[in-house]
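Report on one structure; see the data block that follows.
For the numbers below, each heavy atom of this structure counts, side chains included, while hydrogens, waters and symmetry mates do not.
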Amino acid sequence: MTRIPSAATLLTARVDSQLAPWEALLLLRDDPRPFALVGAWAGSRAILGSAPVAVASAPENPFALLDAQPKVEQRHGCVGGGWFGYLGYQLGRLVERLPPPPPRPTPLPPAELAFYDHVLRLDRDGRWWFEALVTRERRGALEERLGELRERLGRAAPRIRAYGCRPFVARPGRSGHIRAVEEAKRHIAAGDIYQANVCLRLESELRGDPIDLYCTALARLEPRYSAFFRTHDGAVASLSPELFLRRDGRRVRSEPIKGTVPRVEDPSRAERARLGLLRSGKDRAENVMIVDLMRNDLGRVCRIGSVRVPQLAAAEAHAGVWHLVSHVAGELDSAAADSALLEATFPPGSVTGAPKIRAMEIISEVESAAREVYTGAIGFASAVAGLELNVAIRTFEVAGRRIWLGAGGGVVAESDPASEYEECLTKARPLLAAIGAQIDPEPEPERPGRPAAPAPPGSCRSPRPEVAAGVFETMLVAGGRLVELRRHLERIERSAELLFGAPLPARVGADLLERARPLRLGRLRLTARPSLAERGLEWKLEAAALPSCELFQPPALNLEPVVVPGGLGEHKWLDRRLLDEVRLPARSVPLVTDGDGTVLEAARGNIFVMTPTALLTPPLDGRILPGITRRRVFELAQHAGLPVSEEEIPLQTMLAADEVFLTGSLRGIEPVRSLAGRATWSETSVGEKLAALLSRLWRIPVGPRSSTSAWPAEASVR
């Protein structure tokens, strides 16, 4: 990373242009890391930039990085440059000890920050300015950049390019979100918390450039604290109405939003909705609790007695809704830097709950997907203009072709769970309409007369798997050789890289082969966890002989549904308390379902369901383990001409199936006979045929309770 200069001179120059902010941003489309802050930022209409001089590469403490600023003359109304980017919700772990989050379907870096030594600023009077932090080394380059940007902004307005999104799907759906709200209310009734902000996630696929999506929405909605940032693998397009923090000199301000009702175009109906919001005891209670929380957070770094509330629960119009908005202000202590301010207040209280830490713990239990940028903060820290961050709500996140939008609301004792779900959609609909997208309607309820699926029990109360405990792989050994070795290594290496940022040592493969050689029939277990002594991995191999094998011919199983919001995710965790502590009948295996009853996987294998039309298995969407045998069976079914598809499977669909089986690395294919103790499936013809194909591929004989003598010493297995 380029060193940030210790001192600089502020340069400002007029740029003649009549372009709107979104038009100017499109002219920066192909530059490195273009960004835009449009709305009410720094008392201006827009701040744009591209081509940073430094990009923070996974900083250990992004809050502290914001304090690294050049010494420069401050000038009111200017920005000049500084750190721009996002601080993701998971950075709350820098401040407090929190439980592991729910699964992360698309993990993003916890923060993305870049230092720009020049920006374009559109002032309140509609005039464009070039502002730069000039050093002797960069003077020539900045003068050249000024000429280039003047030429660009003098061009004709560019056009937005075509893009499109599939209908957005809610994760979890209505029943799952209602269940999460009910869980939060149980904690409120027990006295654990007063309020929790419970969110869902709307997911889709984007075709096109996210910069065009942002510019389309910006032109239609004009939110107060919108932001666009191109990231390493996608983009963040925020249409937030909410100010998290603004520091101007030693003065600091927050404007929390809590309380929402729909706002229609008809003036009389809109006014009735506004008055109804102002009179709502539930919405006012939400707002006042968060105001108290923000007063407490700011009081940790502000001069004693300086924190005040200039505005309490005023109704303001925003895109498609009325919001209750309060203002909390204070004067920072002379020793408090931006890092200290963030450590005292992050993440924003309006999107966590009260008390904040306990609310965040409950959020990790009841929500189905971990928050990434959403409910963190987006904005800038500048030596000239101070600090300004929005609350990253109403925010589209893009990675590759995947796009998602978070939506949520504050849950209090008076909350109605069904209304909370509708509030999420109320907040999302204007945003989706602005980009030309819609919400995928949920399937209609099951028709009367069909057998009801067993109701899932309560959610697991054990903590999410502890990441630091590590991950593992279990591999079958036959005739001294390892089955599917390459794919097992690829999976655990990917987990190690994503979770711990460290690769497996190169010698692991050779050690596995060496330990497997003396085993006629057995298993090898490879574990990996972060090293406590130094940055890297600790890894261990354990070998065990198997006295007999039930591969492809095990006893039939009973599955018992167990709700784990969001599932266990795509890693094979060593910490299995979440399922091991569930009490089940004998010879029963937990069937993991999401909060809305969607089937995910079994505790010891992936699920396949044979319907009259196709063989189904849940999709690899971040909620389930990408099973090695699952992948192999899927390939074999395709090769055999069997219709096979990755689809979401409701419990009801599973109950009406022709047959169900599990796939796993040690047992191959296991037939399932019943769900929740109800005799359901008796035929396993498809499973038996696939087992025969799998046995031939692995060159492992199929037989009832095969003994070790049935295994050829030199069996060729992959």
Determine whether Y86 and P110 make a side-chain contact, defined as any pair of heavy atoms from C-beta on separated by less than 4.5 Å.
no
Using the six-membered ring wherever Trp is involved, compare the ring planes of H177 and Y421 and label them parallel, tilted or perpendicular (cut-offs 30° and 60°).
tilted
Would you say the side-chain atoms of T12 pair up with the backbone N or O of E131, donor to acceptor, closer than 3.5 Å?
no
Find out whether L239 and F396 are in side-chain contact, i.e. whether some heavy atom of one side chain is under 4.5 Å from a heavy atom of the other.
yes
Given side-chain contact (heavy atoms from CB on, under 4.5 Å), test T375 with V391 step by step and report yes or no.
CA-CA 6 Å; T375 64; V391 178; 5.6 Å; no
With heavy-atom distances below 4.5 Å as the criterion, would you say the side chains of Y89 and P347 are in contact?
yes
The test is side-chain contact (heavy atoms from CB on, under 4.5 Å); show your working for L149 and F130 and say whether it passes.
CA-CA 8 Å; L149 291 175; F130 176 85; 3.9 Å; yes
Is it the case that the side chain of R220 and the backbone of A434 share a donor-acceptor pair, with hydrogens and angles ignored and the cut-off at 3.5 Å?
yes
Any non-hydrogen side-chain atom of V72 less than 4.5 Å from a side-chain atom of T9?
no
Would you check if the distance from the ring center of F84 to the ring center of F115 is below 6.0 Å?
no
Distance-minimising heavy-atom pair for E367 and C199
OE2-N, 2.8 Å
Find out whether the Lys NZ or Arg CZ of R14 is both under 6.0 angstrom from the six-membered ring centre of W129 and within 45° of the ring's axis.
yes
Thinking salt bridges, do E331 and R250 make one under a 4.0 Å N-O criterion?
no
More than 12 non-hydrogen atoms from neighbouring residues, nucleotides or ligands closer than 6.0 Å to CZ on R269, yes or no?
no
Please round to the nearest 0.5 Å and tell me the distance separating atom OG1 of T135 and atom CG of D117.
7.0 Å
Under 4.0 Å between a side-chain nitrogen and a carboxylate oxygen: does that hold for R402 and E397?
no
P256 and I290 have their tightest heavy-atom pair at CB-CG2, 3.9 Å
CA sep, side-chain torsions, deciding dist, call: R230, D209, salt bridge (Lys or Arg N to Asp or Glu O under 4.0 Å):
CA-CA 10 Å; R230 183 88 75 188; D209 190 332; 2.7 Å; yes
Between the OH atom in Y116 and the CD1 atom in I47, the distance rounded to the nearest 0.5 Å is 12.5 Å
Does the R45 side chain pair with the main chain of L122, one donor and one acceptor, at a distance under 3.5 Å?
no
List the atom of R429, the atom of I439, and the distance in Å for their closest heavy-atom pair.
CG-CD1, 4.1 Å
Answer yes if the side chains of R295 and S254 hold a donor-acceptor pair under 3.5 Å, and no otherwise.
no
Pair E255 + R253, salt bridge at N-O below 4.0 Å
yes
For the residue pair L206 and C165, what are the closest heavy atoms and their distance?
CD1-SG, 3.6 Å
Whether T231 side chain and A235 backbone form a donor-acceptor pair below 3.5 Å:
yes
For the residue pair K258 / N197, report whether a side-chain donor-acceptor contact shorter than 3.5 Å exists.
yes
Pairing of D31 and R152 as salt bridge, 4.0 angstrom limit
yes
Pair E242-S350, side-chain donor/acceptor within less than 3.5 Å:
yes
Are the side chain of S339 and the backbone N or O of A337 linked by a donor-acceptor pair below 3.5 Å?
no
Would one find more than 12 heavy atoms of other residues, nucleotides or ligands at under 6.0 Å from atom CZ of R124?
yes
Closer than 3.5 angstrom, by distance alone: can the side chain of Q69 be matched with the main-chain N or O of A381 as a donor-acceptor pair?
yes
Does a side-chain N-to-carboxylate-O contact under 4.0 Å join R127 and D16?
no
Is there a side-chain contact (heavy atoms from CB on, under 4.5 Å) between R224 and N390 once you walk through the steps?
CA-CA 9 Å; R224 293 184 66 200; N390 75 7; over 6 Å; no
Whether H323 and H318 hold their rings parallel, tilted or perpendicular, with breakpoints at 30° and 60°
tilted
Is it true that a side-chain atom of T216 and a backbone atom of D212 form a donor plus acceptor pair closer than 3.5 Å?
yes
Quick one: are Y163 and I211 in side-chain contact, heavy atoms under 4.5 Å?
no
Could you tell me the separation between the CG atom of L389 and the CG atom of L342, rounded to the nearest 0.5 Å?
6.0 Å
Does any non-hydrogen side-chain atom of F380 lie less than 4.5 Å from one of E388?
yes
Under 3.5 Å, side chain of E96 to main-chain N/O of R93, donor-acceptor pair present?
no
Taking atom CD as the centre, does E137 end up with more than 12 heavy-atom neighbours from other residues, nucleotides or ligands that are less than 6.0 angstrom away?
yes
From L425 CG over to E420 CD, what is the distance, rounded to the nearest 0.5 angstrom?
11.5 Å
For the residue pair S44 and R121, confirm or rule out a side-chain donor-acceptor distance under 3.5 Å.
yes
Apply side-chain contact (heavy atoms from CB on, under 4.5 Å) to residues I378 and F229 and explain how you reach the verdict.
CA-CA 9 Å; I378 305 171; F229 284 89; 3.4 Å; yes
Can you measure from CG (L324) to OG1 (T260) and round to the nearest 0.5 angstrom?
7.5 Å
To the nearest 0.5 Å, atom CZ of F168 lies from atom CG of L202 at 7.5 Å
Checking salt bridge (Lys or Arg N to Asp or Glu O under 4.0 Å) for the pair E148/R150: CA distance, chi angles, key distance, verdict?
CA-CA 5 Å; E148 177 189 347; R150 276 177 166 159; over 6 Å; no
Will you find, in the side chains of S226 and Y214, an N or O donor that is under 3.5 Å from an N or O acceptor?
yes
Residue pair V384 / L133, side-chain heavy-atom distance below 4.5 Å:
yes
Considering all heavy atoms of both residues, which atom of P70 and which atom of I4 are nearest to each other, and what is their separation?
CD-CG2, 4.0 Å
To check you understand the geometry: which heavy-atom pair defines the closest contact between C302 and V307, and what is its length?
CB-CG2, 3.8 Å
Can you tell me if R247 uses its side chain to pair, donor with acceptor, with the backbone of V252 under 3.5 Å?
no
A side-chain contact here means heavy atoms from C-beta on lying under 4.5 Å apart; do R246 and L387 qualify?
no
Is a side-chain donor or acceptor of W322 paired with a backbone partner of E271 at a separation under 3.5 angstrom?
no
